[in-house]
*Asks:* 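Structure incoming, see below.
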Protein chains: 2
Amino acid sequence: MHRARISATFDPMKLTVMIYDNEDTVVSRRAAFERVESDLGLLDNMKLPHVYSGLDRDGLYLEGVRRARAITNDMITHGHNHFQWLNERYQIGNTSPFGMNFLMFRRTIELQGTPAQQRYWLPRIDQMKINGAYAQTELAHGTFVRGIETTATFDVNTDTFTIDSPTPTSIKYWPGGLGFSCSHAVVAARLIIQGKDHGVHMFIVQIRSLQNFKPVNGVELGDLGMKMAYNGTCNGYARFNFLRVPRSSLLAGHAQVLRDGTYTSVQTQKDAPPLSKMVYSTMLDTRRNIVRCVAFGLSQGLTIAARYSTVREQGKPMFSNGKNEEAAIIAYKSQHYRLLTHIAQSYAILFAAKDYDLKYAQLIRDQANNNHSQLSFMHALSTGLKAWATTVANTGATEARKMCGGHGFVALSGLPEIEGTVSATATFEGENYVLWQQLMAYLFKQVEAPCRGQEVDIEVKEFIEGVRACLDADMPAYSDPDHSQDKLFDDFYLLSIYEKRAQRLLVAAFKSYTTMRHSLSVATAWNNCMISTLSAGQAYIEYIVLRSFTERASSIAARESGLSLVLSRLSRLFALTNIITPVLSFSAGSFVEHGLFAPGQLDEMRVHINELLEQLLPDVIALTDAWDFTDASLCSALGCKDGNVYERLMSWTRQLPANNGQTVEKAWRAPDGIEEFLRASRL
Amino acid sequence: MHRARISATFDPMKLTVMIYDNEDTVVSRRAAFERVESDLGLLDNMKLPHVYSGLDRDGLYLEGVRRARAITNDMITHGHNHFQWLNERYQIGNTSPFGMNFLMFRRTIELQGTPAQQRYWLPRIDQMKINGAYAQTELAHGTFVRGIETTATFDVNTDTFTIDSPTPTSIKYWPGGLGFSCSHAVVAARLIIQGKDHGVHMFIVQIRSLQNFKPVNGVELGDLGMKMAYNGTCNGYARFNFLRVPRSSLLAGHAQVLRDGTYTSVQTQKDAPPLSKMVYSTMLDTRRNIVRCVAFGLSQGLTIAARYSTVREQGKPMFSNGKNEEAAIIAYKSQHYRLLTHIAQSYAILFAAKDYDLKYAQLIRDQANNNHSQLSFMHALSTGLKAWATTVANTGATEARKMCGGHGFVALSGLPEIEGTVSATATFEGENYVLWQQLMAYLFKQVEAPCRGQEVDIEVKEFIEGVRACLDADMPAYSDPDHSQDKLFDDFYLLSIYEKRAQRLLVAAFKSYTTMRHSLSVATAWNNCMISTLSAGQAYIEYIVLRSFTERASSIAARESGLSLVLSRLSRLFALTNIITPVLSFSAGSFVEHGLFAPGQLDEMRVHINELLEQLLPDVIALTDAWDFTDASLCSALGCKDGNVYERLMSWTRQLPANNGQTVEKAWRAPDGIEEFLRASRL
């Protein structure tokens, strides 16, 4: 492991600083992790982590509360937010039972509360005098907000709202922390006044007594039980049974109900941005954080796999002769290939998230000046990035586990928990297939804009012009490839090919849609060309992601030539392996199908990939070390920094409480035990 | 749900009979499930299954023992083996703590024991007077059997072997049932006599006392803790510390140690097949069962997803107008596409397994006559089928879970358990990447055979002749596609394209290898063209699988025209979606790259896929019903036959023990509880 570490061609600390933006953050984060891990008793990496001791539902949740206390306490005491989006295990914030308090709960009040409501609630949230949940999703209603059934009916006599779950399907189901941990919740419900439905509004409601900790009258609360991951928190359900809450419960920043039941939907400040646009940008904020977080989740899996692959020996490579020595599994090209391909993807996701963050900061500045012109584009990009990044991270986290063979399957490896946590991101905050469609609806609209006499959004203007040129000239979306190979491995040439591919796939999808429109309704035509549009969406995002990666690698200062070289190799590896062995398969083979490469060029790429793999091999450990994960955050017997895999795995195994003999007693001696069974058998 | 069920164009019972081979088996299996589920109290599908009640390590294992007792008892009492390879949840046999007793433990004694040893042990196994484990894998040694470190040293003075784990890495780690449940084990150890190492032999050893259930002196036993799945059994570890066992412990059917320490390796019967060839065919037996089992695992996930997709409504399809009604999610083309693509794959795997079974039966007959000519081919095919089928089933099981959105993530959906169980098959019994290489080494050898003056194996003769023709004429592995589209959707034409593709990829891989051999060693050249060889291996297996599917669909009697039509559509859907959106990505785009289709033809395929999806839509429920899963075996709140999703999910959620109030008390009131934390915060 030491050899593999010192073989690096660059200083991983430079990359760490790039990942966390600056040196101060790196230092401050490290200090926070040290304090929290010391507080939680996690610094001895030979000790079995409590979370792996075979806990039941209660035990896992209580361990989650213990950890949530420690990180929240550290954030409040030391005035930072390092654990807000990524907790002490680098899991996304909603895995913690206090996580939503600082995220969606707070954000909704900040955005939709009146100044008075904000003055009252925000300090209580920031200092954690209460713990809040965000209760929107219902048993039968997910991303489709208009489907929400919970009602809040105004009663002018008592000046209260009655919150009710009128049907079994309207029970709130899924909100993080709702089951056991939260005292309050923001509840999404249809506002009904004198029989009139004013649509979904947000209400802040106390759901659990702070005296006896029982649900308040009129609320039934519970936990959803075990999940693939997220067991440290209590995703829960809430059924409202005519719960009466005061009129002040309505978050009334933008819509108010007067004492007499009059409904007014107003802008509180003149020239303030409209609510819908601000809610939209909140969604973007959540999504960009998800994209960033899955890069860390994937990298955690890959850090473990990289270290294990360096230490683990298995068999002899095929046809190798000589001594009977086994080879480290990274010596097998398949392992070597998978590991570096996914490492390249983890950086691709990270850099794409960082570029999105810069654009997002600009959007917020623009919106403050009531300029929302970038909002549609930013929303579309967020949907595509989220769908793409979570799918890639998901696949990669699973591969990281499989790269550790059987040992990756036990909890002690840390990999099942990482895989499960990353996996959740593919289906929450917008199911990925729904999101892809939103990206494509946007791109189609941009393609159609000139025909409607509308302007194309500035951010996609050049891209769409290429698409329009092709459509207007009625050119086929295919053409003969350029056979000259001299530029094939030039990073910006590859990027231009990715752009062309995205344009051609968009042309193909749009043509297919237009053809279907001749005989079908919009909805049916759209539905029927789904696979073509998914391909085009994927290709567009891959172009954007590669652009971020290529530009970042090329923009590194000349004095950091080591870092620049390794990132440039990594971005080329990303571009080439995504052509040869793509993770998403909507448009498998599209590079050849659309005449962007000739078959012989693909063989050239395969050779060049091998060269890149050789060049990057000495950097595998440095590229994963750079993420700066502590041993306790990886929580893996296979992945500690020292590479001491077998001793640690056996030590943790021996410390498992089930191995104290009592489990065997229960299994064998019970009236229905194994003993009786063996004895009872005939012979 | 009823509507979706009666819309079928064929009688699902006909397909059920095909899946289980004959009507008697269907009837007898149904009776066995009924008895066992009644015995276990699982017939009330509104009752929360005990396994989801939030159990700790002990609880999950004890539930596994309870279930293992029930199925084993039923098999012994009623004289069948329905639960041997697939248990009461349709999980592979080694998920049960008694499973290995009847599988690897028994099989090894049968194969390697003397007649006397067999007479003694086999009845004890069949009647379960003992429970045996198969202890081969070590902490640092998996598929590479020669790496095994455990020793069995003969002591001529005491006439005993001393079994020892000489290093930490030699501890047996992973064997099913070893942790808590087994009294005996077959142990793989190096036989040492007077300092001489005779290689790995098998010993039958008592490891746990049947009086006090403690490990016998000289053995340390324990469990590996929680895993992604398989928590009903106790995959375990065993460390041997100079355990003395009698000389009769050596399974001495083929190699004996005499009283004076003389080692003789003999064939017990004249003309009996050599041991190595019989051990080989045992491996094939295990692998073909894995292939079969993952078809069932995948289908379980898809049955749940199909039922949920029929019942779940979510949003309005994009651009749809009219009423505000939500649409069932199967109406979304992406869901519809994924669901049927994976359903087609589940049948593809099943039919490939069935064809392999027929060949296997012939092999066993041949081997009994000392004819082993088919063994190499059958071994190679088993490696490829196992690697391919487990990867496809794995991906499909994950997709099935994701198709159920967030609800798929909770244990109550049944999907995490199914996904985890299927996932294990990708890394056990031969890691898939190791297996692919074995297939390719075989195919390369067959390609080279004529140059060496050897015969090509009969089963691949025609296929290899095509490859040789291309190589001998030094033809490129690319060519221009046939643009005529009239035959494009003819099943046997598609099959011929799959064959050509496999041949061309093999040609390309072989050429790439030969070129590299000019400057590199065999091992390095092999390693460097790994991705090309993986592509060729994948393409070969996909050709074999499609052949099974196509032939089966076309061979159905004319009077079963409904069944024949639906299977023919399904096999074409399998062939086409595997071109457009392939699951394995080694050779994504290879159909176009190798000139087998023109780009325009791919667009034709996309249109035809839509037609097939429409035609197959009425059959989705029937195609999953046909697997004949009981509600209890699916163990899913989302997937019961009646489609009553929401009521059941809420009912099960409310029955969770953690929702009885005590968990909240623990979390809030404890000295380190939430209450104290909220109180202590500043404000």
Side-chain angles (χ1 to χ4, degrees), chain A residues 54 56-58 65 69 127-129 139 144 168-169 174 180 213 222-228 315 317-320 333-334 402 405-406 409-411 416 427 431 433 437 478 522-523 526-528 530 581-582 585 588-589 592-593 599 610 646 656 658-659 663-664 667-668 677-678 681-683, chain B residues 54 56-58 65 69 127-129 139 144 168-169 174 180 213 222-228 315 317-320 333-334 402 405-406 409-411 416 427 431 433 437 478 522-523 526-528 530 581-582 585 588-589 592-593 599 610 646 656 658-659 663-664 667-668 677-678 681-683:
Chain A
D56 64 4
R57 179 73 201 101
D58 278 17
V65 170
R69 274 191 58 142
Q127 294 291 329
M128 257 211 96
K129 301 304 294 176
L139 192 53
F144 187 64
T169 49
W174 267 111
F180 304 138
F213 319 119
D223 172 61
L224 311 191
M226 298 289 257
K227 290 151 288 184
M228 286 183 76
M318 223 139 184
F319 307 123
S320 71
K333 191 64 75 182
S334 49
K402 288 186 181 167
F409 197 74
V410 283
T427 44
E431 198 272 342
Y433 283 81
Q437 289 191 60
Y478 320 105
V522 182
W526 176 264
N527 210 15
N528 277 357
M530 186 79 76
T581 53
S585 69
V592 183
E593 182 179 354
N610 270 338
Y646 298 120
L656 290 167
N659 287 334
T663 312
V664 170
W668 285 79
F677 188 63
L678 300 190
S681 306
R682 287 134 302 275
L683 195 68
Chain B
D56 65 4
R57 178 72 199 104
D58 278 17
V65 170
R69 274 191 60 143
Q127 294 291 329
M128 259 212 91
K129 302 304 295 178
L139 192 53
F144 188 63
T169 49
W174 266 110
F180 304 140
F213 319 119
D223 173 60
L224 311 191
M226 297 290 256
K227 292 151 289 185
M228 286 184 75
M318 223 139 185
F319 307 124
S320 70
K333 191 64 77 181
S334 51
K402 289 184 180 167
F409 197 75
V410 283
T427 45
E431 200 272 341
Y433 284 81
Q437 290 192 59
Y478 321 106
V522 182
W526 177 264
N527 210 16
N528 277 356
M530 187 79 76
T581 52
S585 69
V592 183
E593 182 180 355
N610 270 337
Y646 300 119
L656 290 168
N659 288 334
T663 311
V664 170
W668 284 79
F677 188 63
L678 300 191
S681 305
R682 288 134 302 274
L683 193 69

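Naming: A, B, ... by sequence-line order, numbering from 1 per chain. Just so it is clear, the values below take in all heavy atoms, side chains as well, and ignore hydrogens, waters and symmetry mates.
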*Asks:* What residue in B:Arg69, B:Met530, B:Met226 has the most heavy-atom pairs under 4.5 Å with chain A?
*Replies:*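 So the answer, after comparing B:Arg69, B:Met530, B:Met226, is B:Arg69.
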
*Asks:* Given heavy-atom pairs under 4.5 angstrom as the criterion, report whether the side chain, backbone, both or neither of B:Val410 touches chain A.
*Replies:* both

*Asks:* Could you give the distance from NZ (B:Lys129) to CZ (A:Phe677), rounded to the nearest 0.5 Å?
*Replies:* 10.0 Å

*Asks:* Which one of B:Gly222, B:Gly589, B:Pro416, B:Gly406 has the most heavy-atom pairs closer than 4.5 Å to chain A?
*Replies:*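 Among B:Gly222, B:Gly589, B:Pro416, B:Gly406, the one with the most close pairs to chain A is B:Gly406.
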
*Asks:* Is the ring pair A:Phe213/B:Trp668 parallel, tilted or perpendicular, if the boundaries are 30 and 60 degrees?
*Replies:* parallel

*Asks:* Identify which of B:Tyr433, B:Phe180, B:Phe409 forms the greatest number of heavy-atom pairs closer than 4.5 Å to chain A.
*Replies:* B:Phe409

*Asks:* Using a cut-off of under 4.5 Å on heavy-atom pairs, state which of B:Thr663, B:Val592, B:Asn610, B:Asn528 scores highest against chain A.
*Replies:* B:Thr663

*Asks:* When heavy-atom pairs shorter than 4.5 Å are enumerated against chain A, which of B:Leu224, B:Asp223, B:Leu656, B:Thr169 gives the highest number?
*Replies:*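 Going by pairs under 4.5 Å, I would pick B:Asp223.
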
*Asks:* Does the B:Asp56 side chain pair with the main chain of A:Gly54, one donor and one acceptor, at a distance under 3.5 Å?
*Replies:* no

*Asks:* What pairs with B:Lys227 under salt bridge (Lys or Arg N to Asp or Glu O under 4.0 Å), at least two apart in sequence or on another chain?
*Replies:* none

*Asks:* Can you tell me which of B:Pro168, B:Gly225, B:Gly405 forms the most heavy-atom pairs within a distance under 4.5 Å of chain A?
*Replies:*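 Option with the greatest count: B:Gly405.
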
*Asks:* What heavy-atom pair brings B:Pro582 and A:Ser585 nearest, and what distance separates the two atoms?
*Replies:*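 Smallest interatomic distance, heavy atoms only, reads O-CB, 3.2 Å.
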
*Asks:* Name all residues meeting the salt bridge (Lys or Arg N to Asp or Glu O under 4.0 Å) criterion together with B:Asp58; count only those two or more places apart in sequence or in a different chain, and write none if there are none.
*Replies:* A:Lys666

